[in-house]
Amino acid sequence: MTVSEISRCSYHVFLSFRGEDTRKSFTDHLYTALVHLGIQIFRDDEEIERGNNIKDEIEKAILHHSKISIVVFSKNYAASTWCLNELVMILEHKKSSKHSVLPVFYDVDPSQVKNQTGSYAEAFTQHEQNFKSETNMVQRWRNALKEVADIGGMVLHDRHESQFIQDIVKEVQNKLHLISLYVPPYLVGIDSLVTQINQWLEQDGANKVGSVTICGIGGIGKTTIAKVVYNQNILRFEGYSFLADVRETSQDCNGLVRLQRQLISDILKGKSHKIYNIDNGINKIKEVVCCRRVLLVLDDVDELEKIRKLMGTQIPFHPGSKIIITSRNRCLLNAYFISQMFDSEASTSCGGLSKLFEVKELASSESLQLFNWYAFGHNSVPESSVAYERSLVKHCGGLPLALQVLGSSLSSKSVSSWKSALEKLEEIPDSKIQKILRISYDSLEDDHDKNLFLDIVCLFIGKDRDYTTTILDGCDYYTIIGIENLVGKSLLIINERNKLMMHQMIRDMGREIIRQESSDIGKRSRLWHKNAFDVIREKIGSRTVKCLTINLKGLLEDKAKRTNTTLHFPKHSKSQFLMANDVDMETQAFAKMKRLKLLQLDYVRLKGDFKDFPKRLRWLRWHGFWMQSFPVDFDINELVVLDMRNSKLKQVWKDTECLPNLKILNLNHSHSLLKTPSFSGLPSLEKLMLKDCINLVEVDQSIGELKMLTFLNLKDCTSLRKLPRTIGSLISLEELILSGCSRLDDVPRELHNMESLKVLNLDETAIYQSRLGLQWLLLKRSKGLGFSWASLPGSLVKLSLESCKLSDDVIPNDLCNLASLKSLNLSRNPIHYLAESLKELTKLDELVLTSCTELQMIPKLPFLPNVSGFSTVSAVKSFRSILPCFFSSKRCVIFGCEKLTEVQDIFKLEPIENFDAEEIRRLFNVNSVNKNRVQLYNCLTDNIMLATPQVLQECGITSTFILGSEVPIGYKHRTNEHRISFLLPTPSHPDEKIRWFSLCIVFSLDSDQILDLPPSVYIFNETKRTTGRYCSSFIGIPKTNDNTMLWLIHWPVTDCQFEGGDLVSCMIVPIHLRIRKFGVTYESEHNIRYEYGFSYLSPGDEVAPRNIKMDLTKNLLSLESYGNVKVQLCSYIEESKVVSSPKVLYDYGIITAFDPMPFDYYGHYFGNQAGKTEVSLSVPPNFSRKISCFLNSIIIFSAKNDNTNEFLPFLEIVNETKGTKWTYSKHFTGILGTKNTLYWFTCWDFRGGELEAGDRITLRVLSDLSVLEFGIDLVFDYDLDDNPNSFSQLPWMSECFKYLLGAFIYILSKSQKRLV
């Protein structure tokens, strides 16, 4: 079968199987393995919902759209009549075509299938009982099973499923003659990346040349991913080639020529070409790639020069060609290389399509799946192996190669073997894995990068990049470029916190390189942990040792865990390691280590003097140093970094120490330190850390001499009362941390001289409590201090004054001197409001006000955004959030500000009592609200308030939360879902537009947990493609019996055009909410007042006319009472004022207690449906001159319960012929019990051809009430006078009017009955 034949098929393979037997196990694994080879599969699953056309689709897939059928026979296969019929169809097609059949006997023997024994016999016994009248069909099934068993197929027997699937895959490949690459049958964790690369391949694929690098450490799965992508896409290209192992092959004799020959042969579909040398090969490659779209994969490329030698430069790739490169070097492709590799036209198009995909380690669950597959052949684990399995998987660190190697090596091994293997791995890494990983190390260009890598492996994993650079630069490394090279080779990772990170297996590989330097541990270049401990105790160190690291605390704790002995060492304890007698170590052990530069001796005590101690130390870390001062004979002259955290030093050195190269001095947590050392001999010092030196009372005056100092940390020095005035001489200082210095009340005025100071932290200091500090903050000059807010250096970017007990009047009215300030922290201060002067901080983009519990209002600040509710979107929709972005991005942090009720121009919260009833009605379309106390959760401040309902005004939107369980009657559109859509009706005025929407959401919480994210509400204008989003800062917490609450939203839309005919959708994204009901209504902006005459019905026998003035724009028309009758007044509209069509000329309602009359009581009603909510009719022919068409309707309702006192029925008219629709609604108020009835009459005026002879029209009514009767009537050719003020002037001469008139007489005659 040719590739072109295959490509014309919809599917390569039709997969038939018994779903309940193998769907989630064997068949799924087989399906995945085939898909990874790019084989298209139709997978029949008998549990797919089978519609009427499913059989036809199956038949098409077998007869026309696939080349091979794989039939998986399992124990219960014969029990399925669907499977048996499918098998008959497959075999019939096989006889009449080239269709191939591959039987797969999963857990049954072919003889069992052929002879129908065992479970197959049981199945056919049942079939013969069920199909007694169709014995021919049962016999066809038997014959089919015999025939397929004779074909010969694949039998599982005692093999592992993984190997069985591989054999099936190979057989399918052979039958299809596909040139695809082998990939393992069980792959995990690659689908997402494969999908991304496939999407990249399809991007502008017809005319763009693209190149991509798949990078990652060795064994991470780069080649496997490239193979899967290659297999899935080769049929989309005219030529394709996969060059495996480019790095290794190119090193062989004539290796590059062999690669060139393979590339050309692959693209030309097997045609061989003689290539005499590399240059000749380059020319031929350019010839074959210029005239066809090719997919080219270069696997395991370590350097660009290999690609240049293989293919040359300025390669004229045909448009649409794609090049995929796998490499450990993430920096392989760059703009310069692309410009060299491709010709000018291709390189221009390639620039936008050059991508980098980095393969990450597998997640823990994925690692377990892959390991179990290779160890057990499936994903279930024997209970005895679970503990070791997880330890082994953790040791692999998500590296697929390691999981495969270790899983395969432990397959069928005993538990004791697993335990032994784990113990060995902790000491000696697996050689197969190391061989693969070491390739990256060996590819480093020189010893400089290799030694840098080994030093990082031993000492600096997890350390800050800048800190490490400072140390290693002092060791004569070119650290910056060296680290870049290691990152480029995927040997090192810089994480988001600027830490140096490394895969565990890479680390083990580096340490194994060091271990192999010598069998004598004392002669290795780098020593760590237990080896370092042994070398010191046994005094076997040598000149080769350059790096030694030991953490005695960690070693002893680890030993305690291994021996199940509990040791507890309190953090920063002064007596953690009083076990020197137990650990005998001497300074003499270091005498031979003359080349030692990097030394870590955490919690180690040494006996003896230091005169023979190594003198070339550049980094000394000695946490828990036990002496009270540095030994005089300890030569540390060349130190770059001195880290003495948790020491017992009282004074660092007795005299001035000259350390010209020292850049970092860390004395954090040295609780015994009383005074800092003299800094006169430290001209290069850049960072000084004295955090938590709780007994420090004095900072030496010489600190002013540190002209290079950029960082000073005195946090939590609780005994420190003042700073030397010379601190103002620190002209390079960028960050000064004084937080937690609770007794510090003297801040030198010279602080303003620090022209480089960017960060000042004064949290929890006493600057406000003291007289001097108060004078400072209040801008009152003091002779002793002469300092103020205005004296703060103008270079400040970040200022923190948390928990300083600041009052409202402390912040001055003028802050113009802090023009550069970007971050201000005033958290945990008893301020009630923020000073207006904060507006002067034009660069401020972060304001932290956490737990300012008295804060009530935040003024308008420069960084607070102007927010609009809607955005117009183009072909691709976008969303614009109304939630203030400065809160969500933590630019303004107000957690714990429980009294905050206003952020100017952003939100304002005030009690509902501040609003009158008319305003509440206008905003929320309700007559009244339940004012019972409610719980309201503030998402911005993260607190709950209990109060009467609060009105929230937020970014132009007004909302409130009240107790309730029903959508008020005034809401036109309703649903029980979280989304509702509707068409806006044709407006009554040409420039009428929607001014606002009112939304009512009835909701409950899914759980008692406080919401971590507030829900979002959207309004879409589907017609005009505009979107509005509202994400409230508050959410109500329901506490009623039925656990529901109403969320009422008033949403103005002044910036968005909503017009009649627009399709509108409203949606709520219910994060942690359960939406019970959802209602929406709207109000237009064009409100016109009309005054009309009305006929007035009075109680008794008289009917007296009088004129009544009424505002037609009011939501609620008043109800008048006449004995036991309530009538809602009619609304007549002058014909001259009717500016659009159709128009409702009048509507009114009657509520009464008598039973409804039949429609034919006073004449037959044209279209009548008892108890229905929909009536349809066709417009009859009309031969006279038609001026207008009047449509009259009458609907009779009854209530479902006795609590109904307001209701909003909707009437919808649809012209089915013309596809047009109109809607109308009426808000009624009255007492409607279950024994009462509502009559609703309307008259519509159609003109302009909306209704014509032959049109099919349908009226639908939507209401919470029950519909008892529903009828419509049509009247033509009535001329109206200019001022219709009487019944005779309106189209009442129809059957409808006769019925209406009869209804009135009937109702009034029974007025003595009481309304229920």
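Since we're looking at a predicted model, the values are computed, not measured.
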Inset, instruction - Please lay out, stage by stage, how Tyr1030 and Glu954 fare under the test side chain to side chain contact (heavy atoms under 4.5 Å, CB included). - result: CA-CA 9 Å; Tyr1030 174 48; Glu954 188 172 33; 2.9 Å; yes

Inset, instruction - Examine the side chains of Thr1242 and Ser1193 and answer whether a donor and an acceptor come within less than 3.5 Å of each other. - result: yes

Inset, instruction - Find out whether Leu824 and Leu838 are in side-chain contact, i.e. whether some heavy atom of one side chain is under 4.5 Å from a heavy atom of the other. - result: yes

Legend entry - Within-4.5 Å side-chain heavy-atom neighbours: Ile1196 and Val1267: no

Inset, instruction - May I have the step-by-step check of salt bridge (Lys or Arg N to Asp or Glu O under 4.0 Å) for Arg995 and Glu1083, ending in yes or no? - result: CA-CA 6 Å; Arg995 293 294 292 159; Glu1083 183 71 28; over 6 Å; no

Inset, instruction - Verify, without hydrogens or angle tests, whether Arg1025 (side chain) and Glu1022 (backbone) share a donor-acceptor contact under 3.5 angstrom. - result: no

Legend entry - Gap between atom CG of Leu826 and atom CG of Leu801 - 0.5 Å precision: 6.0 Å

Legend entry - Short side-chain to backbone donor-acceptor contact, Asn943 and Phe895, under 3.5 Å: no

Inset, instruction - Go through the side-chain N and O atoms of Thr853 and Glu898 and say whether any donor and acceptor fall under 3.5 Å apart. - result: no

Inset, instruction - Of all the heavy-atom pairs spanning Cys897 and Thr941, show the shortest one and how long it is. - result: O-CG2, 3.3 Å

Legend entry - Pair Asn1043-Ser1004, side-chain donor/acceptor within less than 3.5 Å: no

Inset, instruction - Answer yes or no: is there a donor N or O on one side and an acceptor on the other, between the side chain of Glu764 and the main chain of Cys804, under 3.5 Å? - result: no

Inset, instruction - Taking the side chain as every heavy atom from C-beta outward, state whether Lys843 and Leu821 have any pair of such atoms under 4.5 Å apart. - result: no

Legend entry - Spacing of CG belonging to Asp845 relative to SG belonging to Cys892, to within rounding of 0.5 Å: 11.5 Å

Inset, instruction - Please find out if less than 6.0 Å separates the ring center of Trp1047 from that of Phe961. - result: yes

Legend entry - N/O donor-acceptor pair under 3.5 Å between Asp942 side chain and Cys939 backbone: no

Inset, instruction - Working to the nearest 0.5 Å, report the span between CD1 of Ile1001 and CD1 of Ile1075. - result: 6.0 Å

Legend entry - For the student: nearest non-hydrogen atoms of Ser827 and Val848, plus distance: OG-CG1, 3.2 Å

Inset, instruction - Determine whether Trp996 and Arg922 make a side-chain contact, defined as any pair of heavy atoms from C-beta on separated by less than 4.5 Å. - result: yes

Legend entry - Distance flag, aromatic centroids of Phe907 and Phe1034, threshold under 6.0 Å: yes

Legend entry - Steps toward side chain to side chain contact (heavy atoms under 4.5 Å, CB included) verdict (Leu923, Leu1048): CA-CA 9 Å; Leu923 288 173; Leu1048 303 173; over 6 Å; no

Inset, instruction - Could you tell me whether the side chain of Ser1065 and the main chain of Ser981 form a donor-acceptor pair under 3.5 Å? - result: no

Legend entry - Taking every non-hydrogen atom, the tightest pair across Pro830 and Asp808: O-OD1, 4.4 Å

Inset, instruction - Could you walk me through whether Val1080 and Phe997 pass side chain to side chain contact (heavy atoms under 4.5 Å, CB included), step by step? - result: CA-CA 7 Å; Val1080 180; Phe997 288 90; 4.1 Å; yes

Inset, instruction - Look only at the side chain of Asn930 and the backbone of Asn932, and say whether a donor-acceptor pair between them is shorter than 3.5 Å. - result: yes

Legend entry - Side-chain H-bond candidate by donor/acceptor type, Arg1029 with Ser1016, under 3.5 Å: yes

Inset, instruction - Please confirm whether the backbone N or O of Ser739 pairs with a side-chain atom of Asp763, one donor and one acceptor, at under 3.5 Å? - result: no

Inset, instruction - Give, for atom CD of Gln904 and atom CG of Leu834, the distance between the pair rounded to the nearest 0.5 Å. - result: 11.0 Å

Legend entry - Separation between CD1 of Ile994 and OG of Ser1084, rounded to the nearest 0.5 Å: 6.0 Å

Inset, instruction - Check whether any side-chain N or O of Arg974 sits under 3.5 Å from a backbone N or O of Ile969 as a donor-acceptor pair, and report yes or no. - result: yes

Inset, instruction - Tell me yes or no: between the side chains of Glu913 and Thr948, is some donor less than 3.5 Å from an acceptor? - result: yes

Inset, instruction - Would you check, one step at a time, whether the test side chain to side chain contact (heavy atoms under 4.5 Å, CB included) holds for Ile858 with Ile894? - result: CA-CA 10 Å; Ile858 298 176; Ile894 56 174; 3.8 Å; yes

Inset, instruction - Kindly give the heavy-atom pair with the smallest separation between Phe1078 and Ile1068, and that separation in Å. - result: CE2-N, 4.3 Å

Inset, instruction - Give a yes or no on whether the backbone of Gln950 and the side-chain of Thr960 come within a donor-acceptor separation of less than 3.5 Å. - result: yes

Legend entry - Intermediate values then yes/no, salt bridge (Lys or Arg N to Asp or Glu O under 4.0 Å), Glu846 and Lys822: CA-CA 6 Å; Glu846 181 181 58; Lys822 293 183 178 181; over 6 Å; no

Legend entry - Heavy-atom side-chain contact between Ile920 and Val926 under 4.5 Å: yes

Legend entry - Separation of Glu1212 CD from Leu983 CG (nearest 0.5 Å): 8.5 Å

Legend entry - Ring centroid separation Tyr1082 to Phe1058 under 6.0 Å: no

Inset, instruction - Considering non-hydrogen atoms only, spot the tightest contact between Glu919 and Asp916 and give its length. - result: N-OD1, 2.7 Å

Inset, instruction - Decide yes or no for Met1045 and Val934: does some side-chain heavy atom of the first lie under 4.5 Å from some side-chain heavy atom of the second? - result: yes

Inset, instruction - Report yes if some heavy atom in the side chain of Leu909 is under 4.5 Å from a heavy atom in the side chain of Val951; otherwise report no. - result: no

Inset, instruction - Would you mind reporting whether Glu910 and Gln953 have side-chain heavy atoms less than 4.5 Å apart? - result: yes

Inset, instruction - Look only at the side chain of Asp1062 and the backbone of Val1064, and say whether a donor-acceptor pair between them is shorter than 3.5 Å. - result: no

Legend entry - Minimal non-hydrogen separation, Asn938 against Leu940, with atom names: OD1-N, 2.8 Å

Legend entry - Flag for Asn925-Ser998: side-chain donor and acceptor within less than 3.5 Å: no

